[in-house]
Amino acid sequence: MRNIMVPNWKQLYRALILALLGMPGLGTFVQISWTGRVLAGHRITFTCSSPCFPNCIYTWTFKGRTINGNTLTWTPDGLEDSVELQCTVRNPKTGISSTTINILEIKNEMFVQTSPPNTVPSVNQPLNVVCHGASSGDPEGPSDLIWYKDGQKVTLRENMQLQQNNLTLHFDSLLPSDAGFYQCETYLPTLQIHVFSLGYLLSFDPWKVNISGPDAVFPGRLSQFTCLTSCTLNTECTVRWEFRGGFPMGTFLSAHVNHLRWTPSTPGTFQNFTCIAENPAAGRSAEATKMVEVKGDSLSGSAAERPSGLDSLIFIVGLLFLFDW
């Protein structure tokens with residue numbers, strides 16, 4: 001009588017799990033890491049890692065560029081609140097690749113404010129607008145500070161002056177034409193980069209509202225919108241968002257005070273965002289609406305369409321418990 005070999009299922013499953021853990025195509029343990037906060041004007045290094053390091057090939061996709069290697073060094077310039085960082089790992093032996101995507105939130109310590117703070121601009125009255133936080137960690141210090149109004153360099157007129165090494169933009173007497181969105185820019189010699197501040201909306205109406213953010217977005221990519229108000233948030237007014245014409249369709253939506261973050265999912269559609277600044281006790285309010293177009297096709301094979309690393313890890317741990325390993 002022939003002996004029939006009964007397979008050891010536990011060993012087979014154990015081998016399978018070990019293979020899954022080491023397979024970059026599964027995407028479970030490919031991750032992007034960094035140390036510290038992501039700050040405008042500060043250099044930071046990102047590291048992409050996986051179990052097959054250093055035998056795999058690492059490729060970054062970042063702001064429309066492709067960079068090779070498992071590390072990426074970048075200095076944010078303050079023009080963005082968030083960016084998408086993507087790392088792809090490919091095993092040259094198997095040809096299998098895996099991609100992970102991180103959305104980076106960028107903090108900006110450089111901002112524009114009136115002096116003294118919360119000063120309400122008035123026509124024919126003096127005003128100081130100050131650029132704060134321009135002294136960054138650059139050993140040589142900042143240089144060539146430039147002021148912008150509505151995205152254009154400020155042209156000084158007779159009743160305007162630059163003071164305190166250009167950190168203060170002084171108006172002897174405000175004109176209605178001085179209303180606008182002001183930013184400051186500085187150059188960091190050591191890092192060889194220009195850094196832009198958060199802006200200040202100069203308005204003679206304390207209830208003026210505007211929404212900043214892209215006019216067009218893409219499925220699977222995170223975008224941020226900011227409600228700019230000339231009234232002081234949580235002191236003179238509060239802010240809320242409304243979605244007139246339909247709720248935003250997507251994989252992620254977050255509205256926190258005057259910031260709204262959204263990852264759309266349906267191309268070829270339009271979305272209205274309405275920001276309302278109000279003070280019910282004073283009986284005052286103002287609002288602004290922005291129409292955003294969702295362009296392009298859905299990102300095939302994007303991280304939003306794949307099981308996350310946590311889902312895959314839960315699956316593997318479940319196998320371990322199921323087969324008592």
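The chain is numbered in sequence order, starting from 1.
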>> I need the Leu127 CG to Asp178 CG distance, nearest 0.5 Å.
In response: 9.0 Å

> Taking only residues two or more places apart in sequence or in another chain, which ones pass side chain to side chain contact (heavy atoms under 4.5 Å, CB included) with Thr274?
Replying inline: Glu242, Arg244, Ile276, Glu287, Thr289

> Would you find more than 12 non-hydrogen atoms of other residues, nucleotides or ligands less than 6.0 Å from Asn165 atom CG?
Replying inline: no

> Quick one: does Pro267's side chain get under 4.5 Å of Phe218's, heavy atoms only?
Replying inline: no

> Can you tell me if Trp60 uses its side chain to pair, donor with acceptor, with the backbone of Gly69 under 3.5 Å?
Replying inline: yes

> Residues two or more places apart in sequence or in another chain: which of them pass salt bridge (charged side-chain N to carboxylate O under 4.0 Å, His left out) with Asp205?
Replying inline: Arg284

>> Checking the side chain of Gln271 only, and the main-chain atoms of Gly245 only, is there a donor and an acceptor separated by less than 3.5 Å?
In response: no

>> Could you check whether any side-chain heavy atom of Phe204 comes within less than 4.5 Å of a side-chain heavy atom of Leu174, counting everything from C-beta outward?
In response: yes

> Rounded to the nearest 0.5 Å, what separation is found between the OG1 atom of Thr238 and the CD atom of Glu278?
Replying inline: 5.0 Å

>> Check whether Asp150 reaches the backbone of Phe181 with its side chain - one donor and one acceptor, N or O, closer than 3.5 Å.
In response: yes

> Taking the side chain as C-beta and beyond, is there a heavy-atom pair between His194 and Ile146 under 4.5 Å?
Replying inline: no

> What distance separates Thr59 OG1 from Arg90 CZ, expressed to the nearest 0.5 Å?
Replying inline: 8.0 Å

> With side chains defined as the heavy atoms from C-beta onward, is the minimum distance between Cys48 and Val30 less than 4.5 Å?
Replying inline: yes

>> Testing Tyr58, Trp34, Phe62 one by one against Phe46 for a ring-ring contact (aromatic ring centres under 6.0 Å, His included), which residue passes?
In response: Trp34

>> Nearest 0.5 angstrom please: Asn279 CG to Glu236 CD, how far?
In response: 8.5 Å

> Which of parallel (below 30°), tilted (30 to 60°) and perpendicular (above 60°) describes Phe196 and Tyr148?
Replying inline: tilted

>> Taking Ser197's backbone N and O only, do any of them form a donor-acceptor pair with Gln183's side chain (distance below 3.5 Å, no angle check)?
In response: yes

> Is any side-chain heavy atom of Thr168 less than 4.5 Å from a side-chain heavy atom of Ser115?
Replying inline: no

>> Once rounded to the nearest 0.5 Å, what's the spacing between atom CG of Leu198 and atom CG of Leu79?
In response: 10.5 Å

>> In this structure, would Phe252 and Val294 fall into the same cluster of hydrophobic residues linked by side-chain contacts under 4.5 Å?
In response: no

> Are Leu188 and Val195 close enough that some pair of their side-chain heavy atoms sits under 4.5 Å apart?
Replying inline: yes

>> To the closest 0.5 Å, what do you measure between CG (Leu222) and OG1 (Thr263)?
In response: 4.0 Å

>> Determine whether a donor-acceptor pair (N or O, by modelled atom type, separation under 3.5 Å) exists between the side chain of Trp147 and the backbone of Glu185.
In response: no

> If you group Ile, Leu, Val, Met, Phe, Trp and Tyr by side-chain heavy-atom gaps below 4.5 Å, do Met291 and Leu260 land in one group?
Replying inline: no

> What pairs with Lys290 under salt bridge (charged side-chain N to carboxylate O under 4.0 Å, His left out), at least two apart in sequence or on another chain?
Replying inline: Asp215

> Under a single-linkage definition using a 4.5 Å side-chain heavy-atom cutoff for Ile, Leu, Val, Met, Phe, Trp and Tyr, are Ile32 and Leu104 assigned to the same hydrophobic cluster?
Replying inline: yes

> Do Glu84 and Ile101 have side-chain heavy atoms sitting under 4.5 Å apart?
Replying inline: yes

> What class does the angle between the rings of Phe243 and Phe273 fall in, given that below 30° is parallel, 30 to 60° is tilted and above 60° is perpendicular?
Replying inline: perpendicular

> Can you find a heavy atom in the side chain of Asn258 that is under 4.5 Å from one in the side chain of Thr229?
Replying inline: no

>> With a 4.5 Å cut-off on side-chain heavy-atom distances among I, L, V, M, F, W and Y, is there a chain of contacts connecting Val209 to Leu228?
In response: no

> Side chains of Thr99 and Thr88: donor-acceptor distance under 3.5 Å anywhere?
Replying inline: yes

>> If hydrophobic clusters are built from ILVMFWY residues whose side chains come within less than 4.5 Å, do Ile193 and Met110 share one?
In response: yes

